[in-house]
Amino acid sequence: MKNTNLSTQLKERFGHEPNLFIRTYGCQQNVADSERIRGLLESNGCVYCEDADSADIVIFNTCAVRGHAEDRVFGNIGAMKAVKAARPEVIVIMGGCMVQQPHIAQNIKMSYPYVDIIFNTNNISELPGRISEFLGKGKRVLDPACSEYTVNEGIPVVRDLERCRAYLPIMYGCDNFCSYCVVPLVRGRERSRRPEDVVKEFRECVEAGCKDIMLLGQNVNSYGNKSGFGVDFPDLLRMLNDVDGDFVIRFMTSHPKNASKKLFDTIAECGKISRHIHLPVQSGSDRILKLMNRNYTREQYMELIRYARSVIPDVYFTSDIIVGFPGETEDEYLQTCSLIEEANYYATFSFIYSKREGTPAASMPDDTPHSVKAQRLNALNEIQRKVTEKLELGLVGTRQRGICTGILNDGSFECRINNNAEVTVTGSAEVNSFCDITITDYINRRLYGKAE
Ligand code: SAH
Ligand code: SF4
């Protein structure tokens, strides 16, 4: 992973070991990628800093899932113009989903001359070579392609443990082609890490003291499907549950079309797996689900929820929802609202549909005004708020085990309980340690508790 030239070239340019700053947008996968980018560049002589203004190398690890994320990136990249004018030696680098889209890469080439390097996060190991090429030839390196979409084993990882959670990618890419989604176009085909590599990294996390470990993949339920490992996702969960130590296993994201009874049975039988499942439904209307290419019906989805609740009575579900998919009628939107109540979600992450170039949905007729979609989103969030409130009130009086995630000034602390909720707790605890608490109150949409 070490590029023999790079640290010498960097020292020549800056006269010291360069300060590196990474700005990460989007999902947990991007956060996990940034932790590897940091590890890789630190092993090539860079020193991480927390401040873009004093950095010698600034990396933007971008997101393309919605237009709003891209607008933010362009705003922040624009600010680099002044930085480069004042300190021309600064190196500006872009990676991530956004720059994997040809029209964006072209736009950067033409309109953002202060971006020096584009790299492909589907093969992070090529980044040191690209920086070296830029320094050697003195020319921008802007080809967004990489030699191969891979799983990049062996890259050093510098984890941000301040959030008391470790992210552990178990697979990359996506083969699902939901009609609205750009991810399969920018992240390539699905590929799984070998179970032994996952277990090894998991053990390293446990040995490093991580108590909350989240497995990542666009659809963890298809883990191993194309790989011939003979280990599917529930098998992998069981292997990780058997690792010695005290920890909680979480995972994201579980696609309903591949969620099996075996998955829920495994969670029921394994005590270290969180009783929180993020199972994005996207819509409550069968017609919209079909147009979205989600490959399940509302009834099949609800059957999964009912089965899971029958074997894991204390399970909490959360979901993602898209409002205003092309052609969504008022009635279809109302079906999504009723699903929120029927599924009794603990939380939903809801988004207004965002047209993504190159996706099938981008050419579907969409005549609902944005203002109507915004109203629908607000009303849907209000329905969710009431459902959440009921569930949180139901937590009052219960005993919970959680992880202390931070100490507050007034002698209380923040505690993340099994279902992922944050509770403000009176008493003492050490950050990143397990604690037993009783939930005592629910005030202004916040849970309070006391340590036992
Ligand atoms: N692989 C995960 C999610 C990846 S993207 C899954 O299938 O659930 C995270 C969420 O962003 C999606 O669940 C969806 O709700 C939302 N999303 C994706 N594309 C979108 C688009 N074009 N417009 C609005 N929301 C979108
Ligand atoms: Fe996008 Fe669907 Fe893949 Fe999730 S499963 S990343 S929504 S295509």
Side-chain angles (χ1 to χ4, degrees), residues 24 27-29 31-36 38-39 156-170 193 195 197-217 220 233-234 236-254 266-278 312 314-316 318 346-347 395 398-408 411-439 446-452:
T24 307
C27 66
Q28 292 88 349
Q29 180 59 59
V31 175
D33 285 345
S34 289
E35 293 180 340
R36 282 168 164 75
R38 176 174 169 182
V157 190
V158 180
R159 290 182 204 288
D160 174 7
L161 294 178
E162 248 179 51
R163 60 177 174 260
C164 299
R165 173 169 289 166
Y167 291 136
L168 202 167
I170 62 167
R193 294 179 71 187
D197 291 326
V198 175
V199 173
K200 181 169 170 277
E201 189 172 336
F202 190 91
R203 278 188 205 282
E204 286 164 6
C205 290
V206 174
E207 280 157 19
C210 303
K211 302 278 188 290
D212 180 323
I213 304 172
M214 182 179 272
L215 313 177
L216 300 178
V220 291
F233 183 57
L236 182 72
L237 280 175
R238 206 176 276 277
M239 288 162 79
L240 300 176
N241 186 74
D242 287 346
V243 168
D244 281 342
D246 200 6
F247 49 78
V248 177
I249 308 170
R250 301 180 187 274
F251 53 86
M252 190 99 134
T253 294
S254 190
T266 305
I267 298 173
E269 287 160 22
C270 294
K272 296 180 191 171
I273 305 174
S274 162
R275 268 61 186 138
H276 162 221
I277 304 175
H278 187 60
I312 322 164
D314 54 346
V315 70
Y316 286 78
T318 56
Y346 188 59
L395 284 167
T398 63
R399 296 177 69 197
Q400 301 282 337
R401 188 159 187 260
I403 295 166
C404 167
T405 55
I407 309 286
L408 301 171
S412 52
F413 64 90
E414 294 290 317
C415 178
R416 185 192 299 135
I417 59 174
N418 191 292
N419 72 359
N420 215 24
E422 293 285 342
V423 185
T424 306
V425 181
T426 328
S428 63
E430 246 179 70
V431 173
N432 195 38
S433 65
F434 277 105
C435 44
D436 293 309
I437 65 166
T438 302
I439 299 193
R446 177 114 215 124
L447 289 165
Y448 291 87
K450 62 174 190 326
E452 293 190 349

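The figures that follow rest on heavy atoms only: side chains count, while hydrogens, waters and symmetry mates do not.
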request  = For the pair I213 and I249, evaluate side chain to side chain contact (heavy atoms under 4.5 Å, CB included) and give the outcome as yes or no after the intermediate values.
outcome  = CA-CA 5 Å; I213 304 172; I249 308 170; 5.9 Å; no

task = Under the side chain to side chain contact (heavy atoms under 4.5 Å, CB included) rule, what do L236 and I170 come out as? Steps first, then yes or no, please.
result = CA-CA 10 Å; L236 182 72; I170 62 167; 4.0 Å; yes

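Atom CG of residue D33 and atom SG of residue C27 lie 8.0 Å apart, to the nearest 0.5 angstrom. Atom CG of D436 sits about 6.5 Å away from atom CZ of R399, to the nearest 0.5 Å. Rounding to the nearest 0.5 angstrom, the gap separating the CE atom in M214 from the CD atom in Q28 is 5.5 Å. To the nearest 0.5 Å, atom OG1 of residue T405 and atom NZ of residue K211 are 13.5 Å apart. To the nearest 0.5 Å, atoms CG (L240) and SG (C205) are separated by 10.0 Å. Q29 contributes atom CD, which lies 5.5 Å from atom CG of L216 (distance to the nearest 0.5 angstrom).
Between R401 and N418, every side-chain heavy-atom pair lies at or beyond the 4.5 Å cut-off. A heavy-atom distance below 4.5 Å is found between the side chains of L395 and Y316. Within the 4.5 Å cutoff, side-chain heavy atoms of F434 are placed close to those of V248. Counting only heavy atoms from C-beta outward, the side chains of H278 and R250 never approach each other to under 4.5 Å.
Scored by the side-chain contact (heavy atoms from CB on, under 4.5 Å) test, A451 finds F413, V425 as partners (sequence neighbours excluded). Scored by the ring pair (Phe, Tyr, Trp, His ring centres under 6.0 Å) test, H276 finds no partners at all (sequence neighbours excluded). In terms of the side-chain hydrogen bond (donor to acceptor under 3.5 Å, both in side chains) criterion, N419 has no residue partners (sequence neighbours excluded). Listed by chain and residue number, F251 satisfy the ring pair (Phe, Tyr, Trp, His ring centres under 6.0 Å) test with F233 (two or more places apart in sequence, or in another chain). Contacts of T24 classified as side-chain contact (heavy atoms from CB on, under 4.5 Å), with partners at least two apart in sequence or in another chain: I22, N30, V31, S34, N61.
Contact detail for T424 and S412: the closest heavy-atom pair is CG2-OG, 3.9 Å. In this structure, G449 and V423 approach most closely via the heavy-atom pair N-CG1, 3.7 Å. Annotation for N241 and I273: closest pair OD1-N, 4.0 Å, computed over non-hydrogen atoms. In terms of heavy-atom proximity, V431 sits nearest to G406 at CG2-CA, 4.0 Å. Heavy-atom minimum distance, F247 versus C210: CB-O, 4.2 Å. Summarising the geometry of R275 relative to C270, their closest heavy-atom pair is NH1-O, 3.2 Å, with the distance given to 0.1 Å.
Counted within 6.0 Å of CG on D244, heavy atoms from surrounding residues, nucleotides or ligands total 12 or fewer; the atom is thus considered open.
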Can I get a per-line list of side-chain donor-acceptor pairs under 3.5 Å for residues 160-168, giving both atom names and the distance, sequence neighbours left out?
| residue | atom | partner | partner atom | Å |
| --- | --- | --- | --- | --- |
| D160 | OD1 | E162 | N | 3.0 |
| R163 | NE | R165 | O | 3.3 |
| R163 | NH2 | E35 | OE2 | 2.6 |
| R165 | NE | D212 | OD1 | 2.9 |
| R165 | NE | D212 | OD2 | 3.4 |
| R165 | NH2 | D212 | OD2 | 3.2 |
| R165 | NH2 | N420 | OD1 | 2.7 |

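Put simply, the residue from E452, Q400, K450 that forms a side-chain hydrogen bond (donor to acceptor under 3.5 Å, both in side chains) with T438 is E452.
When atom types are taken as modelled, the side chain of R238 and the backbone of T266 share no donor-acceptor pair closer than 3.5 angstrom. At least one donor-acceptor pair under 3.5 Å links the side chain of K272 to the backbone N or O of G245.
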